[in-house]
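Read the structure below first, then the notes.
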Amino acid sequence: MNEKSQNEHIEELEDQPDAKLFSELFITEEDRDMYSIDFDTFIEILADWVDEEEKISPDIARYMGMVLLGVAQRLEDINDNDNHFKNAQVPP
């Protein structure tokens, strides 16, 4: 996949109705702080790794993957709850 089509694909995924902003997923300040630290660290590690300034271990890669899989599960749970409430019928 060339860079242009890859970017277009990512933009399409961002426009999906079940996509959420960071603040929509992490409501409490504690969650936002905790995940912000993780994501800021991930970004720094990955940028340094891509620039050949730092090595990455399988354990770090697994941890990043587990955190991102947790985010995916949280997104699915929130969307499932949103759909449940949208489909709920109010009794007469």
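Remember, it's a predicted structure, so these values are computed and weren't measured experimentally.
- Ser23 pairs by the side-chain contact (heavy atoms from CB on, under 4.5 Å) definition with Leu21, not counting sequence neighbours.
- For residues 49-81, the ring-ring contact (aromatic ring centres under 6.0 Å, His included) pairs, not counting sequence neighbours, are Phe42-Tyr63.
- For the atom pair OG of Ser36 and CZ of Phe22, the computed distance is 3.5 Å after rounding to the nearest 0.5 Å.
- Remark: Glu30 engages Thr28 in a side-chain contact (heavy atoms from CB on, under 4.5 Å) (not counting sequence neighbours).
- Here salt bridge (charged side-chain N to carboxylate O under 4.0 Å, His left out) pairs that include residues 37-57, with residues two or more places apart or in two chains, number zero.
- Here the CD1 atom belonging to Ile78 is positioned 4.5 Å from the CG atom belonging to Leu25, to the nearest 0.5 angstrom.
- Proximity of Tyr35 to Val67: side-chain heavy atoms (C-beta onward) are separated by under 4.5 Å at one or more points.
- With sequence neighbours left out, Arg74 forms a side chain to side chain donor-acceptor pair (under 3.5 Å) with Asp31.
- Take Gln73 and apply the side chain to side chain donor-acceptor pair (under 3.5 Å) test, not counting sequence neighbours, and it matches Asp77.
- When the side-chain contact (heavy atoms from CB on, under 4.5 Å) test is applied to Ile43, no partner is found at least two apart in sequence or on another chain.
- Using a 4.5 Å heavy-atom cutoff, the side chains of Leu75 and Asp18 are not in contact.
- Cluster membership check: Ile60 shares its hydrophobic cluster with Val50, using side-chain heavy-atom separations under 4.5 Å among Ile, Leu, Val, Met, Phe, Trp and Tyr.
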